[in-house]
Structure formats: structure tokens, C-alpha cells
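Every chain is numbered from 1 and lettered A, B, ... according to where its sequence line falls, protein lines coming before strand lines.
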Amino acid sequence: MSSSPNKLLVIDGHSMAFRAFYALPTESFLTDSGQYTNAVHGFTNMLLKLIREELPTHVILAFDLDTPTFRHTSYAEYKGGRAKTPEEFRGQIDLIKQVAEGMNIAVVTSEGYEADDIVATYATKADTAGWETLIVSGDRDTLQLVTERTTLMYPTSGLSKVAMLDPAAVEEKYLVPPLKYPDLAALVGESADNLPGVPKVGPKTAAKWITEYGSTRGIIENADRISGKAGENLREALADVERNLELNLLLRDLDLPVTLEDAELQVPDREVLDPLFDALQFNQIRERLFETFAARFPETVVAPTPTEALPEVTVTEDAEKLSEFLKAHAGAPMAIAVCLDRSGESLTTKPKRDEAARVAEALAVVLVPSASGDLTEAAEAAAEKDNDDDAANPAAEPTGVPALALSLTSLDSAADAVLAEWLGDPAAPKLVHDIKDAGKRLAWRGLHLRGAVEDTLISGYLIQPDRRNFAFTELVTQYLGASTDPASYLGCHDQDDAEASSSQGPDLFSSQDLLTGVTAEDLDAAALHGMLLHQLSQALGEQLVERNGEKLLREMEIPLAEILLQMELTGIAVSPEKLDSLDAEFAAAIEASAQEAYAVVGHEVKLGSPKQLQTVLFEELELPTAGVKKNKTGYSTDVETLQALLIKTQNDFLVHLMNHRDSTKLRQTVTGLMEAVNGDGRIHTTYAQTVAATGRLSSLNPNLQNIPVRTAAGRKIRDAFVVGPGYETLLTADYSQIEMRIMAHLSGDQALIEAFRAGEDLHNFVGSRVFGVEASEITPEQRSKVKAMSYGLAYGLSSFGLSKQLGIGVDEARNLMNEYFERFGGVRDYLREVVTQAKQDGFTSTIFGRRRYLPDLSSENRQLRQMAERAALNAPIQGSAADIIKQAMIGVDSALRAEGLESRLLLQVHDELIFEVAAGERDALEKLVTTHMGSAAELDVPLDVHVGVGSSWHEAAH
DNA sequence: TCTGGAACGTA
DNA sequence: CGTACGTTCCAGAG
């Protein structure tokens with residue numbers, strides 16, 4: 001063991017990145033955005049492994065620059081003849097540097113020098129200081145740096161096998177001690193660097209000479225005395241040898257901007273790493289990284305120092321105490337957490353059944369007032385009075401604000417009433433993380449939550465709509481600093497982790513499942529949660545104001561959350577009989593088409609396995625592969641491909657396969673729905689309010705936003721969604737062509753606006769302009785072309801994409817687009833302007849000011865940039881539509897209540913709302929819905945709403 | 001058992 | 001080489 005506790009890990013970044021690149025297959029590491037990441041993945045993994053196993057105290061990554069080095073200057077052919085860097089490697093070095101930055105690891109480069117020289121400089125410094133050093137490099141030049149304290153880790157094949165070279169190992173393998181390695185290499189030459197050596201002289205001969213004459217210098221001086229062909233060659237190659245010697249020798253005294261001490265290993269920076277790993281789609285690595293660092297820096301996560309004294313939580317069931325507490329803090333925001341108490345512990349392990357009832361029986365509520373001085377006068381007076389009481393003990397430790405924990409399992413009716421009134425009081429301000437989830441739990445317990453002024457989940461979303469994970473602890477870590485990571489000491493580690501990794505949206509057991517009730521630790525955890533909620537709210541609030549999101553939070557998202565909560569609780573009724581019969585019907589269709597398909601090929605195949613299908617289609621049936629799309633696993637077997645093959649070959653297998661696919665997909669949907677039916681005979685989806693980057697909602701468990709509608713068979717499924725008992729009928733209301741209307745409004749294109757104002761059929765109108773004929777003479781074919789283009793424009797469609805979709809030539813598609821833009825120039829100008837403006841601002845905005853940040857608009861990577869440009873085109877349109885229907889839901893909801901109607905909103909499907917109509921309310925509801933949906937936003941074009949009524953979703957769609 | 005890819009449903 | 005989502009199955013990795 002070295003005398004110093006310090007251990008330096010210094011890595012030749014370029015050489016290891018290359019090793020990683022060639023060790024891992026590129027195809028398996030391709031992000032959705034088209035960036036290859038295999039080198040980044042391999043490199044980061046290796047780095048983590050080294051940190052975990054070698055326990056360095058200091059880490060440095062050395063990189064080459066693109067500019068020439070002194071070696072190139074003195075020898076133009078230096079490193080010449082190397083193959084061009086593969087295209088897939090592009091950008092990966094930069095990403096590795098970003099990973100390093102996020103890990104707070106020093107990245108060092110030096111103009112005119114190579115990474116090896118940097119490695120040599122640090123290794124030498126560390127050695128002199130008595131540090132232990134581990135060099136990781138795939139470049140043999142670094143062999144010369146090995147000493148008793150400095151080990152070289154040299155990969156021998158890929159990344160999996162490495163040699164640990166100490167001086168003895170170097171001598172054994174290369175026949176000379178480390179310091180003599182440059183001498184040997186000078187004689188032998190180094191093909192990787194394009195440095196020829198002495199012909200016919202290999203390591204053996206070279207080593208012999210070095211032993212004899214002490215060094216290559218000595219050999220040169222005595223060159224005349226060396227006999228034989230080798231001696232002759234040596235004398236002829238003296239110039240090369242001299243040059244090699246000069247170039248092989250690493251410089252050990254560069255002047256570098258980072259000192260050894262600067263390179264001390266630190267806690268990683270999640271603010272940098274989280275978005276980066278999101279972009280790289282590195283989820284495993286993210287986990288591994290934080291595990292590694294948690295093990296490495298236990299003190300930073302285990303014992304954080306809260307910036308304020310923890311609130312003092314008292315458990316109470318006393319109505320009077322609760323009442324007094326609430327009065328004392330009246331008017332000031334109160335942090336609230338709704339969690340499972342100890343009696344609910346076993347819940348997480350039991351199977352999912354009657355969750356609502358079981359959760360409701362195991363709830364605890366923790367109330368934590370703000371620590372800062374934002375109390376009302378009454379509260380201040382009360383606080384002062386308390387101080388007087390404590391005057392006898394003025395030098396006591398600073399204590400946190402008093403907080404309350406209530407176990408809802410044991411609350412008596414008096415306390416229950418006090419709590420219920422306060423929770424339901426819209427004038428009593430509350431801070432929550434995930435209102436919809438907390439509200440749902442309380443609703444199951446018969447309590448209503450109103451008056452939320454903050455939801456840190458939604459605030460986080462409005463600030464960073466592209467972010468994936470808004471778990472409480474994640475936000476705390478990011479916005480309040482890593483040192484206050486609550487997960488490590490909240491006593492809810494496992495649950496929170498599970499939630500963080502699995503969360504698509506709120507689930508029953510979500511991030512606020514800190515168990516309260518019994519132990520002091522639990523109370524501290526609850527106290528901390530509440531305190532952090534205040535702090536987080538503060539931090540997010542500042543960001544939110546900066547990003548124009550405050551109004552959206554208060555006036556749109558929070559009210560919406562309360563509506564969504566009701567919709568989720570209500571659910572939609574289904575007909576189990578209809579589902580059953582559809583299930584049977586589709587099952588029979590699946591079986592029939594499978595048998596027919598098997599008959600064609602003569603044996604059974606897994607028709608759902610693209611891999612097996614490839615074999616059957618292109619090997620057994622020998623269908624033509626010319627022009628067939630390829631994907632990572634080989635030839636594509638998607639519908640488009642199958643259709644094309646069918647036209648070419650008329651092979652019946654394809655027909656049966658496609659039928660099988662259709663029926664299977666439909667049956668899956670039906671099966672999924674049957675499994676989702678609750679004890680009340682209804683399906684309760686969950687809306688994710690913080691998932692879609694544009695501002696849309698998404699639906700899950702089950703997804704009711706992708707129930708089939710395009711085919712007759714699919715529509716049968718919609719027929720199984722029915723009006724529930726006690727209600728008269730279903731009513732659907734959808735916006736017609738809302739995205740094109742928004743396009744017309746945003747672009748201000750007079751022709752388009754005119755079309756909507758005139759109330760003409762949009763596509764016929766547009767078609768008549770584009771094709772120069774009367775609207776009444778537009779053929780169905782022309783209409784569908786124009787329709788495809790109109791919608792495509794909002795997605796950033798190219799002429800190529802249009803040609804592919806319409807099955808026409810690129811030229812024709814381009815002409816069509818030109819003609820379109822000729823007639824609707826405002827649209828073209830707008831689309832250009834959107835991207836320009838977004839590049840300038842860094843974000844897009846919807847009509848309601850919802851922003852989407854698109855940093856990739858200025859990316860060097862063309863694919864990334866173009867993807868961001870298309871997102872920029874689409875975000876204001878899709879997002880404005882999302883805003884409008886959200887606004888409409890709020891308007892409709894409040895009107896329903898104002899008019900005292902019993903009818904209720906059940907579902908939202910992006911541009912459509914589905915209601916359950918109470919007896920006798922049909923006309924009133926229709927009027928109300930049309931009015932409020934139609935006036936949700938003031939556009940330059942009318943917002944048309946189409947309403948339908950029927951006893952099933954399918955029927956109501958007419 | 002977990003994860004990624006392919007496929008496909010919706011607006 | 002058209003945006004935004006969620007779910008399912010298979011297959012490879014562990």
C-alpha cells in the first residue's frame with residue numbers, strides 16, 4: 001500500500017472511447033434521435049467499474065484535440081494512414097465529455113499535445129507526490145510510465161479483457177523495463193502511429209541490443225559495431241530511429257489548467273446527468289452510477305444537513321388540537337402529504353384487489369406549516385404567546401415549526417369533521433405533490449381535497465415539459481441540491497425508488513408513501529417531506545414565473561387536476577356481455593386466420609414473431625426482398641411491407657397474416673378492457689397530466705385514448721362502452737378540425753381563415769384552391785391528398801414524406817406542396833417563423849403561453865436538429881389544442897355545477913369529451929357543452945363542436 | 001425477471 | 001425523410 005492515501009485514476013479518453021466503440025455493436029445503441037451511443041455506454045460503464053473497484057480518490061480524463069500536435073509538426077506522416085473515423089462514432093467523444101462533466105470529473109486537453117502527454121504529466125506528478133496511480137490507456141506508449149506506484153491497465157481485447165501491468169509484468173511481456181520501452185519501440189517501430197522501425201528488428205533483437213548498449217542512444221552511437229543484416233538495416237534506418245525516439249518519449253511536464261488536487265472525485269451533478277441520460281436513454285447506467293456514488297460518498301446522502309430545523313411533528317387525534325392548529329395557521333399555505341400509515345404496510349405486497357377500500361383504511365395525513373414568517377397576524381400573535389411561555393428557556397436549540405400527523409384509521413368523528421372541513425375548504429391554501437393522487441386517496445376515504453395552490457408535480461412539468469421523472473425526491477435533488485436528497489433518510493427509500501423507476505403516472509402507492517404513525521424516524525421523515533415541500537414550492541415558483549407558467553398552473557392545471565380526479569373516480573361503464581362476445585368473435589377470427597396461414601406454409605409459426613416471420617416470408621416462401629424496408633433485426637414485417645409484398649406476389653399467406661394481426665390487436669384491446677373492469681362495472685383510466693411534452697393528457701391503465709375507431713371491427717369495441725345505470729345516455733362532443741383552425745389562427749392566413757368562417761368543407765375548399773377547380777368538383781382522391789397535406793404540415797411533413805404517404809412521386813408531391821403554399825402563403829410564412837422564433841427564444845409557445853423548450857434546435861447533429869424543428873412546428877399547434885380542450889373542460893365543469901346538472905364528464909380523448917347524461921338533461925347539456933367548448937378560446941376562426949348522443953360510445957359518435 | 005425492439009392503436 | 005402518446009408480444013440478456 002502506498003504511503004499516501006491518494007489514488008489517481010487517469011484515462012486516455014480517446015483511446016478508451018475507441019476501444020469501447022469497437023467492443024460494442026453500434027446497432028444496439030441507437031437513440032430515438034439517431035445518435036449512436038455504444039462508445040459512450042461502454043466508456044461510462046468502464047469508468048463506473050473503475051471507480052467502484054479501484055476506489056480512486058482523484059480522476060482525470062485526458063483527451064486529444066483535433067488540432068495537430070508537435071509530433072505532427074516534426075513528422076508530417078505521424079499517425080498517417082489511419083482509417084477514417086466511422087460515421088457512427090461522431091459526437092460520441094463530446095457526449096463522453098458531457099458525462100464526465102456531469103460526474104464532476106476533470107476533462108483535460110492541451111493544444112499541441114496528445115492525451116498521452118497529459119497522462120504522463122499527471123502520472124509523473126502523482127508518482128512524485130507518492131500517490132498510487134492507475135493509468136488506463138490502449139496506447140502502448142504509456143508503458144514507459146509504469147513504476148512501482150503506477151500501474152497501467154491495458155485492454156487486450158475489446159473492453160472485457162485487460163492486463164494490469166506493473167514493472168515486472170512490463171518487463172516480462174515486453175522484455176525491457178518500462179523506462180526502456182521507448183527505446184525498444186523506436187527500434188521496432190509503431191505501426192499504429194505510422195512510425196516505421198528498423199526492418200527485421202523485432203522486440204527480441206531490440207531488447208538484446210538495449211541490454212548490451214544500455215539504451216537506443218547507446219545503440220546509435222555504436223551502430224557501426226553491430227554486425228549482420230540487422231546491423232546494416234540499423235545503420236540505414238538511423239534517422240527513423242532517432243525520430244521515433246523523439247516522438248515516442250512522452251512529455252511529463254506540460255503546463256495544465258487542472259491540478260492533481262482539483263481532480264478529486266466529487267458527487268455527481270444530477271442536473272447535468274439526468275437530462276443527459278434521458279437523451280442517451282441510459283437508464284441502467286443512471287442507476288448504476290448513482291449506486292456507485294452513493295457507496296463512494298455515503299456521508300453526502302446519508303447525513304444531509306437540512307437547511308432548517310425539522311418541523312416538530314405531533315401525532316394527534318384530538319379535534320380541538322387540530323382545530324387550534326388550523327386556526328393558528330389559517331391563511332398560510334400548509335404542506336400536506338397523504339400517505340399510508342403503518343397499518344397499511346402490508347398493502348404493498350398484497351395482490352391488487354379493492355385497492356380503494358384498503359388504501360382508504362390505512363391513510364395518514366401530515367400537515368406541515370411553512371417555517372418562514374408568512375403567518376397571518378392571528379398566527380403571529382399565537383406564536384408570540386408561545387414564545388412568552390417559553391421565555392424561561394431562551395437558549396434552547398432552535399426548533400422547527402410544530403406540525404401535525406393524523407392517522408385517519410383512528411380519527412373520531414369530531415376530528416374527522418374538522419379535518420374534512422379544512423381539506424374541502426377552497427380558501428385554505430395547501431401545497432401538495434401530486435394533487436390528483438392525494439385527492440384520490442382522500443376521496444376513497446370520503447374526504448374532498450380543495451384549495452390546492454401548489455402541486456410541485458405539475459410545477460415541475462410546466463417548467464420542464466420534456467422531463468420524464470417528476471418524483472418528489474428527484475425534484476428535491478435537482479432544485480434544492482443533491483445534499484438534501486431525501487430518499488436516503490426518509491425511510492421510504494424502496495417505495496420511492498420503485499415509484500421513480502416505474503412511474504408512468506401516479507399510482508396508488510406513490511412518492512408520498514412515507515409511512516407515518518409510530519416511530520420517531522417516521523415522524524422526522526414526514527416532517528422533512530413537508531418542509532421540503534415548502535422549499536421546493538419556493539424554488540419551483542421562481543422558475544415557474546420565469547418561464548411564464550404560473551397562470552397555467554393556477555388557472556388551468558390545478559383546476560384540471562381536480563376534474564381529472566373526478567373523471568378517474570367516476571370511470572365509464574362497459575357491457576361485459578358485449579366484451580365477452582367480441583372476445584369470442586376475435587378469438588375465432590385469430591384461430592381461423594392462423595390455421596389458413598399455417599396451411600399455406602405447411603407448418604405452424606408464431607405469427608407474432610417478426611423474427612420467425614422473416615424466415616417464413618423471405619426464406620421459405622422466397623418472397624422478393626427487393627425494396628423491402630429494413631430495421632435493426634432485418635427485413636421489416638410491418639403492414640406497409642406486407643401490403644407491398646401482397647401486390648407483388650398475391651401470396652395468400654400475407655392476407656392471413658394481416659388478418660391475424662388485426663384480430664390479435666383487437667382481441668388484445670378487448671382482453672385488456674375486460675381485465676380493467678372494476679367491481680363497479682366501470683373502467684377507471686388514469687390520466688397522466690405531466691407526461692406529454694406538448695401539454696396533452698395521456699391515458700393509462702388502461703389507455704382509453706387509443707380505442708379503435710377506424711375500422712368496422714374496431715368500432716364494435718366502442719359499442720361496449722355504454723351508459724351506466726341511473727343515467728340516460730352518453731354524449732360525445734368533439735372539436736372539428738381543431739388543429740387546422742389553430743393553424744389558421746396562428747398563421748393569420750386569410751384564405752384559410754375565410755374557409756373556416758364560410759363554414760365550407762375545409763378539404764374541399766383547400767382542394768379547390770390548390771387544384772384550381774370549383775369546390776364541388778373536387779374528386780375524393782384530390783380531397784384526400786389535400787387532407788393528408790394539411791395535417792402533415794402541422795407535423796413538419798417533407799415532400800418526400802408526402803410522396804411516400806400518398807404513393808405518388810416526389811416531384812408530384814413537391815408540386816402539390818408548392819401549389820399549396822402558393823395559395824396559402826400565410827401558412828408557409830408562419831411555419832418558417834415558428835422555427836426561427838423558437839431558435840431565437842429556445843422555446844415554442846402555445847396560445848395560452850405554454851412553453852416547450854427545444855435546445856436541440858441549435859444542435860450540431862443534423863438529425864437531432866431537424867427533429868427539434870419538426871417538434872417546434874407541431875408543439876404550438878398540438879399544444880394550443882390541448883390548452884383549448886383543457887380550458888373547455890374547466891368551463892364545462894363549472895357550468896355543470898353552476899346549473900346544478902347531474903350529468904358528468906367521463907373521458908377526454910384529445911379533441912373529444914365524453915359525458916354521461918342524467919335523465920332529462922340531454923338538451924341542457926348539449927347546449928352547455930357546445931357553448932363552453934366553443935368559447936374556450938377566442939380565435940380568428942370559429943371553434944366548431946360536433947355533438948352526438950347514444951347509449952354507447954359508438955352510437956354517440958353519430 | 002427485466003429490457004429493448006417491433007408493431008400498431010389513437011389524436 | 002410527419003408530431004404526440006401507451007400497450008403488447010417476442011427475444012435476448014441476466
Side-chain angles (χ1 to χ4, degrees), chain A residues 25 27-32 34 281-284 287 465-466 501-502 504-505 606-614 629-642 657-658 661-662 664-673 675-676 685-688 691-711 713-714 717-718 734-735 737-739 788-806 810 813 844 852 862-863 866-879 881-882 885 907-912:
Chain A
E27 328 82 66
S28 321
F29 297 89
L30 179 63
T31 66
D32 298 339
Q281 299 171 247
F282 281 4
N283 290 319
Q284 261 186 306
E287 292 302 313
D466 280 275
S501 55
S502 75
Q504 291 301 328
K606 276 195 179 171
L607 295 171
S609 163
K611 197 162 179 211
Q612 293 190 28
L613 284 178
Q614 283 164 11
K629 262 194 310 191
K630 284 218 192 180
N631 55 35
K632 276 183 202 171
T633 56
Y635 291 111
S636 167
T637 64
D638 64 13
V639 253
E640 207 184 311
T641 306
L642 299 183
L657 172 59
M658 286 190 276
R661 280 237 178 107
D662 289 344
T664 309
K665 180 79 180 170
L666 291 168
R667 179 158 189 234
Q668 274 166 11
T669 305
V670 171
T671 315
L673 292 175
E675 283 166 4
T685 187
T686 302
Y687 289 101
V691 167
T694 51
R696 274 191 177 179
L697 298 176
S698 75
S699 157
L700 61 153
N701 296 323
N703 182 354
L704 295 187
Q705 289 178 326
N706 71 342
I707 301 302
V709 72
R710 293 186 220 255
T711 64
I717 299 179
R718 291 200 170 210
D734 62 272
Y735 283 116
Q737 293 150 338
I738 188 167
E739 296 201 340
M789 182 152 51
S790 286
Y791 281 105
L793 287 178
Y795 302 146
L797 186 69
S798 64
S799 50
F800 179 89
L802 185 64
S803 75
K804 213 176 64 164
Q805 194 197 319
L806 296 178
V810 181
T844 60
R852 178 171 182 188
R862 198 169 58 98
Q863 197 180 347
Q866 291 183 338
M867 211 176 263
E869 286 171 0
R870 292 192 295 269
L873 287 178
N874 179 250
I877 297 171
Q878 190 183 115
I885 198 164
L907 301 178
Q908 188 250 45
V909 190
H910 307 307
D911 66 356
E912 174 185 17

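Between C:dC5, C:dG2, C:dA4, one nucleotide has an atom nearer to the side chain of A:Tyr795 than all others, and that is C:dG2. Counting only heavy atoms from C-beta on, A:Met867 has its side chain closest to C:dT3 among C:dT3, C:dC5, C:dG2. The side chain of A:Gln612 approaches C:dA11 more closely than any other nucleotide in the set C:dA11, C:dT3, C:dG2.
A:Lys606 places its NZ atom 18 Å from the P atom of C:dT8, with the value rounded to the nearest Å. Per the geometry, OH belonging to A:Tyr687 stands 13 Å off P belonging to C:dG6, to the nearest Å. Protein atom CE of A:Met789 is 15 Å distant from nucleotide atom P of C:dG2, rounded to whole Å. Following rounding to the nearest Å, A:Ile717 (CD1) and C:dT7 (P) show an atom-to-atom distance of 16 Å. Residue A:Glu675 contributes atom CD, which lies 12 Å from atom C1' of C:dT7 at whole-angstrom precision. Between the C1' atom of C:dA4 and the CD1 atom of A:Ile877 lies a distance of 13 Å, rounded to the nearest Å. Between A:Gln908 atom CD and B:dA11 atom C1' the separation is 10 Å, expressed in whole Å.
Within the structure, a side-chain polar atom (N or O) of A:Arg870 is placed less than 4.0 Å from OP1 or OP2 of C:dT3. Contact check, A:Ser609 against C:dA11: a side-chain N or O comes under 4.0 Å of OP1 or OP2.
Looking at heavy atoms from C-beta onward, A:Ile707 lies in side-chain contact with A:Thr669 at the 4.5 angstrom threshold.
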Nucleotide N/O of nucleotides 12-14 of chain C paired with protein N/O under 3.5 Å:
residue, atom, partner, partner atom, Å
C:dG12, OP1, A:Lys611, NZ, 2.6

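Taking A:Asp638 as the reference, A:Lys629, A:Ser636, A:Thr641 meet the side chain to side chain donor-acceptor pair (under 3.5 Å) condition, with sequence neighbours excluded. With sequence neighbours left out, A:Arg667 forms a side chain to side chain donor-acceptor pair (under 3.5 Å) with A:Asp583. Residues satisfying the ring-ring contact (aromatic ring centres under 6.0 Å, His included) test with A:Tyr791, not counting sequence neighbours, are A:His763. Scanning for salt bridge (Lys or Arg N to Asp or Glu O under 4.0 Å) contacts around A:Arg661 gives an empty result, with sequence neighbours left out.
Here the straight-line distance linking atom OG of A:Ser698 with atom NE2 of A:His910 works out to 8.0 Å at 0.5 Å rounding.
Identified under the salt bridge (Lys or Arg N to Asp or Glu O under 4.0 Å) test for residues 695-705 of chain A, with sequence neighbours left out: A:Arg696-A:Glu739. Within the structure, the salt bridge (Lys or Arg N to Asp or Glu O under 4.0 Å) test picks out no pair touching residues 789-800 of chain A (sequence neighbours left out). Under the salt bridge (Lys or Arg N to Asp or Glu O under 4.0 Å) criterion, no residue pair touches residues 789-798 of chain A, with sequence neighbours excluded.
Among the protein residues, A:Gly792 comes within range of the nucleic acid bases, having at least one heavy atom under 4.0 Å from a base atom. A:Ser699 comes within 4.0 angstrom of the backbone, heavy atoms only, and of no base. Using a 4.0 Å heavy-atom criterion, one finds that A:Ala693 contacts the sugar-phosphate atoms exclusively. At the heavy-atom level, A:Gln668 lies under 4.0 Å from the strands shown only through sugar-phosphate atoms. Backbone-only contact: A:Arg852 has heavy atoms under 4.0 Å from sugar-phosphate atoms and none from a base.
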Contact pattern, 5' to 3', of nucleotides 2-10 of chain B - B, S or - by protein heavy atom under 4.0 Å: ---SSSBBB
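Judged by distance alone, the side chains of A:Gln878 and A:Thr694 do bring a donor and an acceptor atom under 3.5 Å apart.
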